[in-house]
Amino acid sequence: MKLQQLRYLVEISRNDFSVSATARRLHTSQPGVSKQILALEDELGVTLFTRHGKQITGLSVPGTEILKLAEQVLHTTGNIRDLAQEHADPKRGRLSIATTHTQSRYVLPPVIRAFIDRYPEVNLNLQQGTPIQIAEMAARGMVDFAIATEAMELFSDLIMLPCYRWNRCILVPDGHPLLELDQPLALEDVAAWPLVTYVFGFTGRSQLDEAFRHRGLTPNVVFTAADADVIKTYVRLGLGIGIVASMAYDEEEDRGLRSLDASHLFDYSVTRIGFRRTTVLRSYMRDFIQLFASQLEAPLLDQLLACHTQSEVDALLQNHPIPDC
């Protein structure tokens, strides 16, 4: 059994079971990939994939179980390489991050700028996806860090560190009647208008829905999107009033729109950074965490990284306040 064969197994599963796409990604030949997979199946004595003719269509039952172990093996060998590289050249390497549009557009730019200035020889890769996709990429070792508000608790293999908390604002066009209220904005005022907001599962949408349910209100959500900039576009078109993360509004960039504070209407959401508990963190990875969550100072971060479970992490952070964005 060769590491190369295990890598082919993992990459085929990550490329929608396309051998040709896997070969392109790994800069090798399609026949070479197929030959190595057949050799691995022959050695193990089981079929790893289901097939329709010569076309791979999915994982077999033993293939599903073996894939998990193959990912662990490749993760461990990656840790060995990273540990060796840390001693050989601590300022050179790679860092891959998966996150949502809101984080990459509104929160991460100054962090990434500072990180690149500090580590110009680290290759930084940023991927976007849904919260579930992001968490799964981190859990499967496809990226080093996942940064999101939703869904990471679904993956027990991840250690999640709280970075900051945030709330929402209501976006309305200039001249909107809600700007003329002579009393604090109420949830009933918001529910009286068509709403444009995030797709369920994005950017704290679950807290938003829960707030309306708790008050016995059924909001008229007429349009949803994963991207705050798209939400703003449709608010400008008059489709409805918008509910977005407060950090997604900028008075200068968003001329024609006004922001109404809604932090008293909804529970705060917490954005976290997650990574596999078995990951060997390079020194520049630790620095990235601290650039993104400055309250996690070195002594505290060392204690957190020594934790074996998420419950230990949560207990250690119980008396450490989470800063507001």
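Every heavy atom of this structure was used, including side-chain atoms; hydrogens, water molecules and symmetry mates were not.
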Got a salt bridge between [X] and [Y], using NZ or NE/NH1/NH2 to carboxylate O under 4.0 Å?
X: E136; Y: R14; answer: no
X: D229; Y: R105; answer: yes
X: D302; Y: R286; answer: yes
X: R276; Y: D157; answer: no
X: E71; Y: K68; answer: no

Donor-acceptor pair, distance only, cut-off 3.5 Å: does the side chain of [X] make one with the backbone of [Y]?
X: T197; Y: I243; result: yes
X: E312; Y: C307; result: no
X: R277; Y: H308; result: yes
X: N167; Y: S269; result: no
X: R92; Y: Q85; result: no

Quiz item: Can you list the steps and then say if L74 with T76 is a side-chain contact (heavy atoms from CB on, under 4.5 Å)?
Solution: CA-CA 5 Å; L74 293 175; T76 300; over 6 Å; no
Can you confirm whether the side chains of [X] and [Y] place a donor and an acceptor under 3.5 Å from each other?
X: T102; Y: T100; value: no
X: S96; Y: D144; value: yes
X: T99; Y: S104; value: no
X: S259; Y: R168; value: no
X: W166; Y: S246; value: no
X: T271; Y: T149; value: yes
X: S18; Y: R24; value: no

Could you state whether [X] and [Y] fall into the same hydrophobic cluster, counting links through intermediate Ile, Leu, Val, Met, Phe, Trp or Tyr residues with side-chain heavy atoms under 4.5 angstrom apart?
X: V280; Y: L161; value: no
X: L296; Y: L291; value: yes
X: L126; Y: F145; value: yes
X: F155; Y: M160; value: yes
X: I273; Y: Y268; value: no

Exercise. Would you sort out whether Q318 and D314 count as a side chain to side chain donor-acceptor pair (under 3.5 Å), showing the intermediate values?
Key: CA-CA 6 Å; Q318 194 168 19; D314 295 339; over 6 Å; no
Practice problem: Could you walk me through whether T22 and R7 pass the side chain to side chain donor-acceptor pair (under 3.5 Å) test, one step at a time? | Solution: CA-CA 10 Å; T22 298; R7 185 171 302 281; over 6 Å; no
Where [X] and [Y] come nearest, the two heavy atoms and their spacing:
X: P131; Y: E150; answer: CB-O, 3.4 Å
X: P162; Y: V270; answer: CB-CG1, 3.8 Å
X: I66; Y: L9; answer: CG2-CD2, 4.0 Å
X: D261; Y: L185; answer: O-CD2, 4.1 Å
X: P194; Y: L239; answer: CB-O, 3.7 Å
X: V19; Y: S34; answer: CG1-OG, 3.6 Å

Quick check: are there more than 12 heavy atoms from other residues, nucleotides or ligands sitting under 6.0 Å from [atom1] of [X]?
X: H264; atom1: NE2; value: yes
X: E251; atom1: CD; value: no
X: N220; atom1: CG; value: yes
X: N15; atom1: CG; value: yes
X: E297; atom1: CD; value: no
X: R236; atom1: CZ; value: yes
X: R258; atom1: CZ; value: no

Quiz item: Should L178 and W193 be marked as a side-chain contact (heavy atoms from CB on, under 4.5 Å) after you check the CA-CA gap, both sets of side-chain angles, and the distance that decides it?
Solution: CA-CA 10 Å; L178 285 180; W193 294 88; 3.8 Å; yes
Any side-chain heavy atom of [X] within less than 4.5 Å of one from [Y]?
X: Q290; Y: L301; answer: yes
X: L124; Y: I97; answer: yes
X: V244; Y: C169; answer: yes
X: R140; Y: H75; answer: no

Quiz item: Could you walk me through whether R51 and E41 pass the salt bridge (Lys or Arg N to Asp or Glu O under 4.0 Å) check?
Solution: CA-CA 13 Å; R51 292 174 171 87; E41 290 180 321; 3.1 Å; yes
Quiz item: Can you check whether F288 and Y284 have ring centres sitting under 6.0 Å from each other?
Solution: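 Not under 6.0 Å, so no.
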Self-check item: CA sep, side-chain torsions, deciding dist, call: Y234, V222, side-chain contact (heavy atoms from CB on, under 4.5 Å)
Solution: CA-CA 10 Å; Y234 285 91; V222 296; over 6 Å; no
Exercise. Please report the C-alpha distance between E121 and K91 in whole Å, then the side-chain angles of each, then the deciding distance to 0.1 Å, and finally whether the salt bridge (Lys or Arg N to Asp or Glu O under 4.0 Å) criterion is met.
Key: CA-CA 7 Å; E121 293 184 300; K91 289 183 178 274; over 6 Å; no
Quiz prompt | Residue among D254, I170, L260 satisfying side chain to side chain contact (heavy atoms under 4.5 Å, CB included) with Y249 | solution =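 When side chain to side chain contact (heavy atoms under 4.5 Å, CB included) is applied between Y249 and each of D254, I170, L260, only D254 qualifies.
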Practice problem: Take I116 and I112 through the side-chain contact (heavy atoms from CB on, under 4.5 Å) test and state the conclusion after the steps. | Solution: CA-CA 6 Å; I116 290 175; I112 289 176; 3.7 Å; yes
